[in-house]
Amino acid sequence: MHTGDWPTTVEEALAVQERLRGRVDLTDDLPELPPAVTGLDVAYDDAGGIAAAVVTLETAGLTVVEQRTHRAQAVFPYEPGLFAFRELPPLLAALEQLDHEPGVLVCDGHGLAHPRRFGLACHLGVLTGLPAFGVGKTRFVGSHAAPASARGSSEPLVDAGDEVGAVLRTQDGVKPVYVSAGHRIGLAHACRLTLALTPRYRLPETTRQADRLSRAALR
DNA sequence: GCGACAG
DNA sequence: ATCTTGTCGC
């Protein structure tokens, strides 16, 4: 649970991002293939109710090791660039319930591929101190060339001259995903992990599991 | 001034 | 995010 104060206005949220962005650590000390990976997602209903879910999978067989959920009421409106302030509270509450500390967090959204280089994956990584990266379904910032159609192909995502992420094809001929580092992990490593998590579908198995669980927890 | 805008 | 049927392709 959160006892401290949480930003209520856009101004306060921007100030928090400005204050925490310097704490992002791009050093990568992760083993090439961490034993377990944890996916997170949030589902919404039409009454301000939200449900967060976290699912830890064994990297080798992609089997569920542990999973938790947390229901709450949205405390911050959706605002492009600030949506972490909406999803972070329930996500942190769900993470705190885990018995085993996650090796790396796979977020449903962006990390550095953000206007101020501090998307959900960075914010979550900084607050938990855990390695984290983002896998977004759509572009938020930056421009890029179309990656080749073969799974594994990628193109850099560039915004204002900065390489903020990669557009990665996880399945042959299927719309690519947007991968970006969040905290304590490099982009190349994040892409390799993403491919390890997408043997069959476009989105990481972690995200798929968390999505399924969050929706179920909403009822 | 006119779009674009993670989930 | 979420609302939703049929339809194209392997």
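A quick note: this is a predicted structure, and the numbers were derived from the prediction, not measured. Just so it is clear: chains get the letters A, B, ... in the order the sequence lines come, proteins before strands, and each one is counted from 1.
In this structure, Y78(A) forms an aromatic stack with the base of dG7(B), since both conditions hold: centre separation below 5.5 Å and plane angle below 30°.
Considering only side-chain N and O atoms, K137(A) lies nowhere under 4.0 angstrom from the phosphate OP1 or OP2 of dA6(B). Phosphate contact (OP1/OP2 of dA6(B), side-chain N/O of R139(A), threshold under 4.0 Å): absent. Under 4.0 angstrom from either OP1 or OP2 of dT2(C) there lies at least one side-chain N or O belonging to R215(A). Phosphate contact (OP1/OP2 of dA6(B), side-chain N/O of Y178(A), threshold under 4.0 Å): absent.
In this structure, L218(A) atom CG and dT2(C) atom C1' are separated by 11 Å, rounded to whole Å. Distance, H110(A) NE2 to dA1(C) P: 12 Å, rounded to whole Å. When the C1' atom of dA6(B) is taken as reference, atom CG of L82(A) falls 11 Å away, rounded to whole Å. Counting to the nearest Å, the P atom of dA1(C) and the CZ atom of R212(A) are 16 Å from each other. Per the geometry, CG belonging to L91(A) stands 17 Å off P belonging to dA6(B), to the nearest Å. In this structure, CG of D41(A) is placed 13 Å from C1' of dT2(C), rounded to the nearest angstrom. Summarising the geometry, the separation between CZ on F76(A) and C1' on dA1(C) is reported as 16 Å, rounded to the nearest angstrom. In this entry the distance linking CZ of R86(A) with C1' of dT2(C) reads 12 Å, nearest Å.
Contacts of G81(A) with the nucleic acid, taken as non-hydrogen atoms under 4.0 Å apart, include base atoms. Contact annotation for I50(A): no contact, since no heavy-atom pair falls under 4.0 Å across all strands. If you check every strand for non-hydrogen atoms under 4.0 Å, A113(A) touches nothing. Within 4.0 Å of D108(A), counting heavy atoms only, lie sugar-phosphate atoms of the nucleic acid but no base atom.
Of the candidates dG7(B), dT2(C), dA6(B), the closest approach to any side-chain atom of F140(A) belongs to dA6(B).
Aromatic rings from F85(A) and H123(A) are positioned such that their centres are separated by under 6.0 Å.
A donor-acceptor pair under 3.5 Å is formed between the side chain of R86(A) and the backbone N or O of F76(A). Looking at Q73(A), its side chain does come within 3.5 Å of a backbone N or O of A47(A) through a donor-acceptor pair.
Side chains of Q67(A) and R212(A) form a contact here, defined as non-hydrogen atoms less than 4.5 Å apart. Looking at heavy atoms from C-beta onward, K137(A) lies out of side-chain contact with K175(A) at the 4.5 angstrom threshold.
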